[in-house]
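This is a predicted model, so every value here is computed, not measured.
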Amino acid sequence: QVQLVESGGGLVQAGGSLRVSCVASGRTSSGYYMGWFRQAPGKEREFVAAIAWSTGTTRYADSVKGRFTISSDIAKNTVTLQMDSLKPEDTAVYYCAAGNLLTKIPRNYPYWGQGTQVTVSS
């Protein structure tokens, strides 16, 4: 089992920045891929970004490219999502996930955190 705990998030005005972090514990593996997803009220959970622990390879959703940056610190078992130039449409609960594939599909990630709220006011 892998446990994931998110932190960060909060309320920010449009154009501002926030950072959310995820600490992994338990049966973690350097072969894992870590993803960030988000879910707004009434909408499906959507992919935001992902990173491979071992290579640092990253993938981003088109909607966040150039604004969000995902990074990892293997020594601290931590993955961070730096969010800049935030827009009201970025408002959602942000979830950290871990799995064995670098994929945009939520069901391919067996481990999930509890989520953290990000609210961007206009």
Side-chain angles (χ1 to χ4, degrees):
Q1 285 282 21
V2 176
Q3 292 78 43
L4 304 173
V5 179
E6 301 102 333
S7 62
L11 173 64
V12 67
Q13 288 188 330
S17 298
L18 280 175
R19 179 182 298 172
V20 290
S21 296
C22 173
V23 177
S25 61
R27 299 174 70 88
T28 58
S29 168
S30 62
Y32 276 154
Y33 297 89
M34 303 297 294
W36 282 99
F37 291 78
R38 65 187 181 187
Q39 189 166 18
K43 295 188 177 181
E44 292 187 353
R45 191 165 298 189
E46 66 172 357
F47 172 78
V48 175
I51 189 167
W53 274 125
S54 59
T55 65
T57 301
T58 59
R59 291 185 72 178
Y60 293 93
D62 288 343
S63 59
V64 306
K65 278 182 182 177
R67 300 188 299 121
F68 290 13
T69 303
I70 188 171
S71 61
S72 63
D73 185 337
I74 294 178
K76 296 181 179 180
N77 278 353
T78 299
V79 176
T80 298
L81 185 68
Q82 176 66 40
M83 303 180 288
D84 300 318
S85 302
L86 282 161
K87 306 175 182 179
E89 51 263 43
D90 293 319
T91 296
V93 176
Y94 282 70
Y95 296 91
C96 175
N100 295 317
L101 296 173
L102 189 60
T103 174
K104 298 181 178 182
I105 304 173
R107 66 174 181 269
N108 288 331
Y109 291 83
Y111 304 108
W112 291 84
Q114 80 287 352
T116 185
Q117 178 70 45
V118 170
T119 302
V120 185
S121 63
S122 58

Asker: Roughly how far apart are Tyr33 OH and Ile51 CD1, rounded to 0.5 Å?
Answerer: 11.5 Å
Asker: What's the separation between atom CD in Gln3 and atom CZ in Arg27, rounded to the nearest 0.5 Å?
Answerer: 10.5 Å
Asker: Quick one: OG1 on Thr116 to CH2 on Trp36, what's the gap to the nearest 0.5 Å?
Answerer: 7.5 Å
Asker: Regarding Gln82 and Arg19, do their side chains bring together a donor and an acceptor under 3.5 Å, going by distance alone?
Answerer: yes
Asker: Does some side-chain heavy atom of Phe47 sit less than 4.5 Å from a side-chain heavy atom of Ile105?
Answerer: no
Asker: Which residue pairs satisfy the salt bridge (charged side-chain N to carboxylate O under 4.0 Å, His left out) criterion with at least one member in residues 71-88, sequence neighbours excluded?
Answerer: none
Asker: Among pairs that include at least one residue of residues 23-90, which meet disulfide bond (SG atoms under 2.5 Å apart), considering only residues two or more places apart or in two chains?
Answerer: none
Asker: Which distance, rounded to the nearest 0.5 Å, do you find between the CE of Met83 and the OG1 of Thr69?
Answerer: 11.0 Å
Asker: Among the clusters formed by ILVMFWY side chains lying less than 4.5 Å apart, do Val93 and Leu4 turn up in the same one?
Answerer: no
Asker: Checking Pro110 now: which residues fulfil side-chain contact (heavy atoms from CB on, under 4.5 Å) with it, not counting sequence neighbours?
Answerer: none
Asker: Does anything in residues 50-108 form a ring-ring contact (aromatic ring centres under 6.0 Å, His included)? List the pairs, not counting sequence neighbours.
Answerer: none
Asker: Tell me the disulfide bond (SG atoms under 2.5 Å apart) pairs involving residues 90-122, sequence neighbours left out?
Answerer: Cys22-Cys96
Asker: side-chain contact (heavy atoms from CB on, under 4.5 Å) with Ser71: which residues, sequence neighbours excluded?
Answerer: Thr80
Asker: Just jot down the side-chain contact (heavy atoms from CB on, under 4.5 Å) partners of Ser54, sequence neighbours excluded, or say none.
Answerer: none
Asker: Val20 and Val118: side chain to side chain contact (heavy atoms under 4.5 Å, CB included), yes or no, with the steps?
Answerer: CA-CA 9 Å; Val20 290; Val118 170; 4.1 Å; yes
Asker: Any disulfide bond (SG atoms under 2.5 Å apart) pairs touching residues 36-82, not counting sequence neighbours?
Answerer: none
Asker: Going by side-chain contact (heavy atoms from CB on, under 4.5 Å), name the residues that satisfy it together with Ser122, two or more places apart in sequence or in a different chain.
Answerer: Pro88
Asker: Yes or no on side chain to side chain contact (heavy atoms under 4.5 Å, CB included) for Ile70 and Met34, after CA distance, side-chain angles and deciding distance?
Answerer: CA-CA 9 Å; Ile70 188 171; Met34 303 297 294; 5.5 Å; no
Asker: Using only heavy-atom distances, determine whether the side chains of Glu89 and Thr91 contain a donor-acceptor pair under 3.5 Å.
Answerer: no
Asker: Does atom CD of Gln13 have more than 12 heavy-atom neighbours, drawn from other residues, nucleotides or ligands, at distances under 6.0 Å?
Answerer: no
Asker: Hey, mind stepping through Leu101 and Tyr109 against side chain to side chain contact (heavy atoms under 4.5 Å, CB included) and telling me if it holds?
Answerer: CA-CA 8 Å; Leu101 296 173; Tyr109 291 83; over 6 Å; no
Asker: Do any pairs count as a salt bridge (charged side-chain N to carboxylate O under 4.0 Å, His left out) and have a residue in residues 32-41, sequence neighbours left out, and if so which ones?
Answerer: Arg38-Glu46, Arg38-Asp90
Asker: With sequence neighbours excluded, tell me which residues meet ring pair (Phe, Tyr, Trp, His ring centres under 6.0 Å) with Trp112.
Answerer: Phe37
Asker: Per the salt bridge (charged side-chain N to carboxylate O under 4.0 Å, His left out) rule, what does the pair list look like for residues 48-66, sequence neighbours excluded?
Answerer: Asp62-Lys65
Asker: Can you list the steps and then say if Val12 with Thr119 is a side chain to side chain contact (heavy atoms under 4.5 Å, CB included)?
Answerer: CA-CA 6 Å; Val12 67; Thr119 302; over 6 Å; no
Asker: Just by modelled atom types, is the Ile74 backbone N or O under 3.5 Å from a matching donor or acceptor in the Ser72 side chain?
Answerer: no
Asker: Quick check on the hydrophobic clustering: are Val48 and Tyr111 connected, directly or via other members, by side-chain heavy-atom contacts under 4.5 Å?
Answerer: yes
